[in-house]
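Below is one structure, written out as structure tokens, with a few remarks after it.
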Number of protein chains: 2
Amino acid sequence: MREPCGLRERKKARTRDAIVAAAIDLFETKGYDATTIDEIAEAAEVSPRTFFRYFDSKVDVLMGRKDEPEGDIPARLATRPPEEGPIEATRQVLHQELLSALTEDPLFVRQVRIMLGTPSLLAMAREHFHEHLDEMAADFATRMDVPPDDYRAHVVASAVSNTLWTVVARWVADGSDAERLVEMLDEAFDLLATGFDRPAATPAPTPTATGSA
Amino acid sequence: MREPCGLRERKKARTRDAIVAAAIDLFETKGYDATTIDEIAEAAEVSPRTFFRYFDSKVDVLMGRKDEPEGDIPARLATRPPEEGPIEATRQVLHQELLSALTEDPLFVRQVRIMLGTPSLLAMAREHFHEHLDEMAADFATRMDVPPDDYRAHVVASAVSNTLWTVVARWVADGSDAERLVEMLDEAFDLLATGFDRPAATPAPTPTATGSA
DNA sequence: CGAGAATCTGTCATAGACTGACAAAAGTCA
DNA sequence: TGACTTTTGTCAGTCTATGACAGATTCTCG
């Protein structure tokens, strides 16, 4: 599958890699905002116009990678037994192999680190994680026994997606190891599964203390 | 409170209002992306340079309003009894008066409608709802009995914030009335409070397949 | 009222992101 | 080698956004 047969193909792949490498390097040394496309192009030894033939925009160098593991989540969800709740199914999918793929990707952590250090990128990063929200919501709807397009399925899907991003962001910021990521994700998903208001949830506000912890 | 004493103040307010009105009108008629700042400036009868003296960017005309009700949430949370769980406390805050303020603002629905129709704005809209996340998380941490900066408090806060946005977006898209918004929000918050992996109502957390490896 | 300070505005010039058009260069194939 | 396709660079242009300067307006105080 990774067989760029012709000379042309190989050259294209090399150019693309050169642009990404040059961009990430520059982003890390002088910051994302302070890095211009002209500089990236010069460092990659292509013309600025060529940059836009490979990427639609500057953020695409960071977030436009097609090989990212999160994209598989909806497809993998379909393989889980329908009796599993949305949270448990997602947890199992992540455990299967996505988490390891994430932590083993050497570029991933560098990307997230750049995003965390660039306010203007945070919104887009979050949205990036939300890309397959509709597919996830469709899967969740059946697990929750609600109509296919019910807004509650969307609520759950966006909460799950958001949790994933929040946890990963914190994990990268902390610089913890792979085991810790699994641990944090499990704890967070436990919260999602069992609810945020441990004692209450009753219409009559019976403020039982938080003592259940 | 709304006393623009000096002539200068009033003129500034008028200019600002003119820019917002012209922008919203243009966004609705020809779309956000297709509307240039030059056009907004011309319609508002100011120079393009002046536009940037009132707003930092084009999106600021839509999302940079300082009088938006959501900003009060963290402050209002502080007034809720600490025994209330994060979800119940937020629900009460919203019920108090924020929801009515939201539905009664004539510009709000138009703004959200423009955002929903402009993909490039969706990410920013979401982020806009996330603006006071850290404050919310700090409040939630005490209610959850975890350290002040625990990532789990952030997970809950972002889930709540995200739920609010998801529900409001769906509500605007559906064109429902104010009662329906309260109803949807209550249902969604019930989900958050009791957990996502509960098919019907299982108070005792019976970990279905949590026999994880 | 009038002078001076502070503020607001328009014009000009500029940087950076991004796009279309066209021609030169390189790869492909007969 | 020569026709054909793809990739690339150059050029010109639009749009967003910002800094600098000068003129006009408003405010303040004597």
Side-chain angles (χ1 to χ4, degrees), chain A residues 3-24 26-27 29-64 114-115 118-121 123-125 127, chain B residues 3-24 26-27 29-64 114-115 118-121 123-125 127:
Chain A
E3 298 257 357
C5 303
L7 209 174
R8 212 178 255 161
E9 306 279 332
R10 270 175 289 157
K11 190 162 196 167
K12 256 180 93 167
R14 241 187 304 132
T15 303
R16 190 186 180 86
D17 290 347
I19 293 175
V20 171
I24 300 257
L26 283 168
F27 292 162
T29 52
K30 48 184 303 184
Y32 175 84
D33 287 326
T35 302
T36 71
I37 295 199
D38 285 10
E39 291 170 330
I40 300 174
E42 193 181 5
E45 293 183 311
V46 295
S47 77
R49 188 68 186 85
T50 295
F51 174 93
F52 286 105
R53 291 207 175 85
Y54 284 87
F55 300 95
D56 285 343
S57 64
K58 197 162 75 165
V59 303
D60 265 39
V61 185
L62 266 185
M63 301 201 260
I114 293 171
M115 293 174 195
T118 311
S120 62
L121 286 178
M124 285 180 255
E127 191 63 17
Chain B
E3 297 255 358
C5 303
L7 209 174
R8 198 128 72 185
E9 307 279 332
R10 270 175 288 157
K11 190 162 197 168
K12 255 180 95 168
R14 241 186 304 132
T15 303
R16 190 186 180 86
D17 290 347
I19 293 176
V20 171
I24 301 253
L26 283 168
F27 293 163
T29 52
K30 48 184 303 185
Y32 175 85
D33 287 327
T35 302
T36 71
I37 294 197
D38 284 11
E39 291 170 330
I40 300 173
E42 192 181 5
E45 294 183 309
V46 295
S47 77
R49 188 68 186 84
T50 294
F51 174 93
F52 286 105
R53 292 208 173 87
Y54 284 86
F55 301 95
D56 286 342
S57 64
K58 198 162 75 164
V59 304
D60 265 38
V61 184
L62 267 184
M63 302 201 262
I114 293 171
M115 294 173 193
T118 310
S120 62
L121 285 178
M124 285 178 254
E127 192 65 16

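Proteins come first, then strands; the chains are lettered A, B, ... in the order of their sequence lines, and each starts at number 1.
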Any B:L62 side-chain heavy atom under 4.5 Å of B:I24 side chain:
yes
B:F55 side chain reached by B:R16 side chain, heavy atoms, under 4.5 Å
yes
NA contact type, A:Y54, heavy-atom cut-off 4.0 Å: base, sugar-phosphate, or nothing?
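The residue A:Y54 makes sugar-phosphate contact but no base contact.
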Spacing of [X] atom [atom1] relative to [N] atom [atom2], expressed in whole Å:
X	N	atom1	atom2	answer
A:I19	D:dT7	CD1	C1'	12 Å
A:F51	D:dT7	CZ	C1'	17 Å
A:R16	D:dT6	CZ	C1'	17 Å
B:E9	D:dT26	CD	C1'	11 Å
A:F52	D:dT8	CZ	C1'	15 Å
B:D56	D:dT16	CG	C1'	13 Å
B:K58	D:dT18	NZ	P	14 Å

Residues in salt bridge (charged side-chain N to carboxylate O under 4.0 Å, His left out) contact with B:K11, at least two apart in sequence or another chain:
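None.
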From the 5' end of DNA chain C to its 3' end, which nucleotides mark the outer limits of contact with chain A, defined by a 4.0 Å heavy-atom distance cut-off (strictly under)?
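Answer, 5' to 3': C:dG16 to C:dT28.
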Looking at every non-hydrogen atom in both residues, tell me the closest pair between [X] and [Y] and how far apart they are.
X	Y	answer
A:M63	A:L121	CE-CD2, 4.1 Å
A:V20	A:V61	CA-CG1, 4.0 Å
B:Y54	B:K12	OH-CG, 3.4 Å

Among pairs that include at least one residue of residues 31-58 of chain B, which meet salt bridge (charged side-chain N to carboxylate O under 4.0 Å, His left out), considering only residues two or more places apart or in two chains?
B:K30-B:E39
On a plain distance test, is the side chain of A:R53 in donor-acceptor contact with the base of D:dT7 below 3.5 Å?
no
At under 4.0 Å, does any side-chain N or O of A:K12 touch on OP1 or OP2 of D:dT7?
yes
How large an angle, rounded to 10°, do the end axes of the helix from C:dC1-D:dG30 to C:dA30-D:dT1 enclose when each is built from five base pairs?
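Computed from the C1' atoms at both ends, the axes differ by 10°.
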Can you tell me how far CZ of B:F52 sits from CG of B:D60, rounded to the nearest 0.5 angstrom?
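Nearest 0.5 Å value for the CG-CZ distance: 10.0 Å.
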Report each atom pair, protein N/O against N/O of nucleotides 22-24 of chain D, whose distance is under 3.5 angstrom.
none

Among residues 31-49 of chain A, which ones have heavy-atom contacts with DNA chain D below 4.0 Å?
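Contacts with DNA chain D under 4.0 Å: A:V46, A:S47, A:R49.
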Check whether any side-chain N or O of B:T118 sits under 3.5 Å from a backbone N or O of B:M115 as a donor-acceptor pair, and report yes or no.
no
